[in-house]
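Here is the structure we will look at.
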Amino acid sequence: MNIFAVMKTRIDAVLGDLMTAGKLPAGLDLARVVVEPPRDASHGDISTNAAMVLAKPAGMAPKVLAELIVAHVKGVQDVTGASVAGPGFINIKLDDAVWRGALTDILKAGRSYGDSTVGGSEKVNVEYVSANPTGPMHVGHARGAVVGDALARLLAKAGFAVTKEYYINDAGGQVDNVAAALRMRYLQALGRITEADVQGALERKEIQYGGAYLIPVAEALKARDGDKWADVADAAVWIPALREFTVAYMMKLVKEDLDSLGVHHDVFTSEKGLVDSGKVDDALKFLAERDLTYTGVLEPPKGKTPDDWEPRPQLLFKATQFGDEVDRPLRKSSGAGTYFASDIAYHKDKVDRGFKNLVNIWGADHGGYVKRVQAALAALTGGEGSLDVLLCQMVRVLNNGEPVKMSKRAGTFVTLRDLIDEVGRDVVRFIMLTRKNDAPLDFDYAKVMEKSRENPVFYVHYAHARGRSVFRHAAEMFPTADLSDAGLANADLTRLNDPDELGVLRMLAAWPRLVEGAAFAHEPHRIAFYLYELASQFHALWNKGNDATELRFLQAADQSVSCARLALVRGVGLVIASGLTVFGVEPLEEMR
RNA sequence: GCGCCCGUAGCUCAAUUGGAUAGAGCAUCUGACUACGAAUCAGAAGGCUGGAGGUUCGAGUCCUUCCGGGCGCGCCA
C-alpha cells in the first residue's frame with residue numbers, strides 16, 4: 001500500500017466535496033495535484049501543492065484557498081494536523097499509527113512489500129543486451145544486461161506484465177566477417193597455417209576478427225567436422241556453414257555469460273529468422289501500402305561529405321514524417337535489405353505480439369539510431385506505441401584509479417567474465433546500478449571491494465547483516481519469544497516512539513512510492529540510492545544506542561519494547577531485501 | 001557543420017520529474033568503542049547548479065542562445 005497514493009485519493013475527495021458544496025468552482029482538474037513527502041521532514045509527514053495548482057483556475061489567492069482546504073483536510077482519516085506554509089503548501093501531519101501500520105504491512109508482505117498494481121498488468125517489452133554473436137561479452141554488455149534485467153524486475157514489481165527479449169544480429173556482414181576469421185583459426189587448428197599467418201591476415205585487414213577466443217570455436221568445429229571445410233573454396237558454401245556454427249557457439253557463450261550474471265531472457269529473436277520467414281518483406285510492404293516508402297537519393301551528410309560520395313537511388317522510409325531529420329534507407333543500392341529494415345520488421349513483430357510499450361537498452365554509441373526506430377514504431381502503430389530507449393554510457397574499469405585494459409581472454413577489452421571473476425556477480429550487478437544509465441560509470445575493482453561507507457554495496461549489505469546479528473542475539477536473550485515475522489507483527493508497536501525510530505518507519509513507508517516512481521521513470525538506479533539512504537538511517541539509529549543504552553534494540557528487562565524494535569529491524573531488513581531482489585542480489589546474513 | 005546526451009561543493013554523485021533553506025560520500029577539521037559487529041556514528045566547514053536571457057505562484061529541472069565535454073553522422077551492425 002502506498003500511503004501517499006491513499007492520501008491523494010482522500011484529498012481529492014475533500015476537493016470534490018468542496019466543489020459539490022459550491023465552495024470551489026465545479027470541474028477543477030485535479031491531475032496536477034501532487035501528494036508527496038516534503039523534502040524537509042520538519043514540514044510534516046506529507047505535503048500537497050493543491051492550493052497553488054488550483055489557485056488560478058479557482059480564481060482564488062493560493063493562501064486563501066490553502067486555508068480553506070486545510071480546514072477541511074483536518075477532518076480526514078489519519079490526519080492529526082494541517083497547516084499552510086510558504087507560498088501555499090499544505091503540510092499535513094499524520095497519526096504515528098499510520099507509520100506503525102506500514103511496519104505491520106511489511107512484516108506480513110515480506111520481500112514482496114512494495115509490490116504494486118499500478119502497472120495494471122499492461123504488457124511491456126524490455127529488449128536488452130542484444131550483443132552481436134561475434135565474440136565474448138564485455139563490460140559494456142554487462143551494464144546493459146544489468147540495467148535491462150533490473151528494469152524488467154522493477155516493472156514487474158510495479159505490476160506490469162514484462163517480457164524480456166534479446167535480438168540476435170545474425171544476418172549481416174559482421175557475422176560473415178567472423179565466419180571468415182573462424183576459417184583462419186580453423187585452418188590453423190588443422191595445422192594448415194600458423195599463428196603468424198593469422199596475425200598477418202589481421203594486419204592486412206583481410207579479416208576483422210582474430211581474437212584468441214576463436215581458437216576454441218575452431219577446435220570445436222574441427223572436432224565436429226574434421227577437415228570437411230578446409231578445401232572448400234566456394235565462399236557461398238563455407239561462409240553460411242561457418243557462420244551458423246559460430247553464431248550457435250557464440251550464443252551458447254553469451255547465454256552462459258548471462259547466466260553467470262543471473263540474467264535470463266524470455267524471448268530470443270533471430271534477425272536471420274525474420275529475413276528467412278519473409279517478415280522483413282512483409283514489414284516493407286506494410287509501410288509501402290501506407291505510402292511511407294519511396295525510391296530516392298539521399299543528400300550527403302552536411303559538413304562531412306565522404307570522399308567516395310556518389311548519389312545512388314535506393315528504397316527509403318519517410319522517417320521525416322515522424323520527427324526524424326532525414327528519410328532512412330530500407331534497401332541498399334544493391335537491393336539487399338538494411339539493418340534498419342530488419343529492425344523495423346523486429347519491432348513490427350513486437351507490436352504484432354501485442355506490445356505497445358517498448359523499452360530498449362542500447363549502448364550510447366547507438367544514440368543516433370533512436371529517432372529513426374521511434375519514427376518506425378510511430379509509423380507501425382499509428383502513433384499508439386511508445387518506445388523508450390535507455391542509452392548506457394561507457395564503463396571505465398579501474399583498479400585503484402588505474403585503468404584496466406587487458407583481458408586474459410579477449411586481449412583488448414575487459415570481458416564480463418573478467419568482472420565476475422574479479423569481484424563476484426552481486427557486486428557487478430549492484431555497482432552497475434549506482435548511476436543513471438546516461439552517466440558514465442567508473443568501476444574500480446579496489447573500491448567496489450572496499451569495506452567502508454564509500455562502497456554502497458558493502459554499506460547496504462552491512463546494514464542487513466547487522467540487523468540479522470541483532471536477531472541472533474535476541475534468540476538467546478528471549479528464548480521463548482516468537483521472533484518470526486508473523487510473531488513480530490503482533491508486537492506492541494506503540495512502543496516505537498523515539499523520533500529516529502519513527503523516521504526510519506517513514507522511510508520504510510516511502511518504499512512503495514519509490515518503486516512506482518522508479519518504474520514509471522525507467523530509472524532502476526533510484527533503488528540503489530534509496531537503499532543507501534535507508535542503510536544510513538539504520539546505522540545512525542544503531543549508533544544512537546552506543547551512547548543512550550536505553551535506545552538499544554534489545555532490552556533484556558523489557559521484552560515488549562525489544563520485540564517492537566526487532567519488528568523495526570526486521571522491517572528494515574525486509575525492505576533492503578525487497579530492493580536487492582529488484583537488483584537480483586541476495587542480502588547477506590553476516591559478513592565476517 | 002548537424003543531431004543526441006551531459007555540465008551541480010576541491011573530487012565522485014543525489015535532488016521525490018516544476019516545489020519550500022540544492023543534499024550525501026570522499027578529502028579537511030573536531031568528537032564517540034572493556035562493542036545489540038566502531039567494517040559504524042555525531043558535528044564543523046564547503047555552492048551565483050558552466051554563462052546570459054525567457055516561461056510562472058515557484059526553475060538544477062522546461063524554452064532560446066552561447067561556452068565546455070562525450071557519442072554519432074549515406075547503403076556497417
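Remember, predicted model here, so these are calculated numbers, not experimental data. Order of the sequence lines sets the chain letters (A, B, ...), proteins ahead of strands, with each chain counted from 1.
Using a 4.0 Å cutoff on non-hydrogen atoms, the parts of residues 32-42 of chain A near RNA chain B are A:R32, A:E36, A:P37, A:P38, A:R39, ordered by number. Near RNA chain B, meaning a heavy atom under 4.0 Å from it, residues 52-60 of chain A has A:M52, A:V53, A:K56 in order of number.
Going from the P atom of B:U49 to that of B:G70 covers 25 Å, rounded to whole Å.
In this structure, the side chain to side chain contact (heavy atoms under 4.5 Å, CB included) partners of A:T269, at least two apart in sequence or on a different chain, are A:E165, A:Y167, A:V267, A:L274, A:Y346, A:R353. By the ring pair (Phe, Tyr, Trp, His ring centres under 6.0 Å) test, A:H141 is found to be paired with A:H138, residues two or more places apart in sequence or in another chain being considered. Under the ring pair (Phe, Tyr, Trp, His ring centres under 6.0 Å) criterion, A:Y462 pairs with A:F458, A:H539, not counting sequence neighbours. Residues satisfying the ring pair (Phe, Tyr, Trp, His ring centres under 6.0 Å) test with A:F471, not counting sequence neighbours, are none.
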For residues 365-377 of chain A, which side-chain donor-acceptor pairs fall under 3.5 Å, sequence neighbours excluded?
unit_1, atom_1, unit_2, atom_2, d
A:Y369, OH, A:D343, OD2, 3.3
A:K371, NZ, A:E325, OE2, 2.5
A:Q374, NE2, A:L387, O, 2.9

Let me have the donor-acceptor pairs involving side chains of residues 31-45 of chain A, under 3.5 Å, with sequence neighbours excluded, atom names and distances please.
unit_1, atom_1, unit_2, atom_2, d
A:D40, OD1, A:S42, N, 2.9
A:D40, OD1, A:S42, OG, 2.9
A:D40, OD2, A:S42, OG, 3.4
A:D45, OD1, A:R506, NE, 2.6
A:D45, OD1, A:R506, NH2, 3.0
A:D45, OD2, A:K93, NZ, 3.3
A:D45, OD2, A:L94, N, 2.7

In a table with atom names and distances, give each donor-acceptor pair under 3.5 Å that connects a side chain of residues 554-562 of chain A to protein atoms at least two apart or in another chain.
unit_1, atom_1, unit_2, atom_2, d
A:Q555, NE2, A:T549, O, 2.9
A:Q555, NE2, A:E550, O, 3.3
A:Q555, NE2, A:R552, O, 2.9
A:D558, OD1, A:S560, N, 3.2
A:D558, OD1, A:V561, N, 3.1
A:D558, OD2, A:R495, NH2, 2.7
A:S560, OG, A:R495, NH1, 3.1
A:S562, OG, A:Q555, N, 2.8
A:S562, OG, A:Q555, O, 3.0
A:S562, OG, A:D558, O, 2.9

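In this pair, A:F89 lays its aromatic ring flat on the base of B:A20, centres within 5.5 Å and planes under 30 degrees apart.
Within the structure, side chain to side chain donor-acceptor pair (under 3.5 Å) pairs that include any residue of residues 48-68 of chain A do not occur (at least two apart or interchain).
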Given pairs defined as Watson-Crick or G-U wobble with both distances under 3.5 Å, what dot-bracket annotation applies to RNA chain B, with ( ) intrastrand, [ ] crossing, | other strand and . unpaired?
(((((((..((((.....[...)))).(((((.......))))).....(((((..]....))))))))))))....
Could I get a table of every N or O pair under 3.5 Å where one atom is in the protein and the other is in nucleotides 33-40 of chain B?
unit_1, atom_1, unit_2, atom_2, d
B:C36, OP1, A:R552, NH1, 2.6
B:C36, OP1, A:R552, NH2, 3.0
B:C36, OP2, A:R552, NH1, 2.7
B:C36, O3', A:H473, NE2, 3.0
B:C36, N3, A:F553, N, 3.4
B:C36, N4, A:W542, O, 2.8
B:G37, OP1, A:S469, OG, 2.5
B:G37, OP2, A:S469, OG, 3.3
B:G37, OP2, A:H473, NE2, 2.8
B:G37, O2', A:Y462, OH, 3.3
B:G37, O6, A:M591, N, 3.4
B:A38, OP2, A:R466, NH2, 2.3
B:A38, OP2, A:W542, NE1, 3.1
B:A39, N6, A:M591, O, 3.2
B:A39, N1, A:M591, O, 3.4
B:U40, OP1, A:R453, N, 2.7
B:U40, O2', A:R466, NH1, 3.1
B:U40, O2', A:N543, OD1, 2.7
B:U40, O2, A:N543, ND2, 2.8

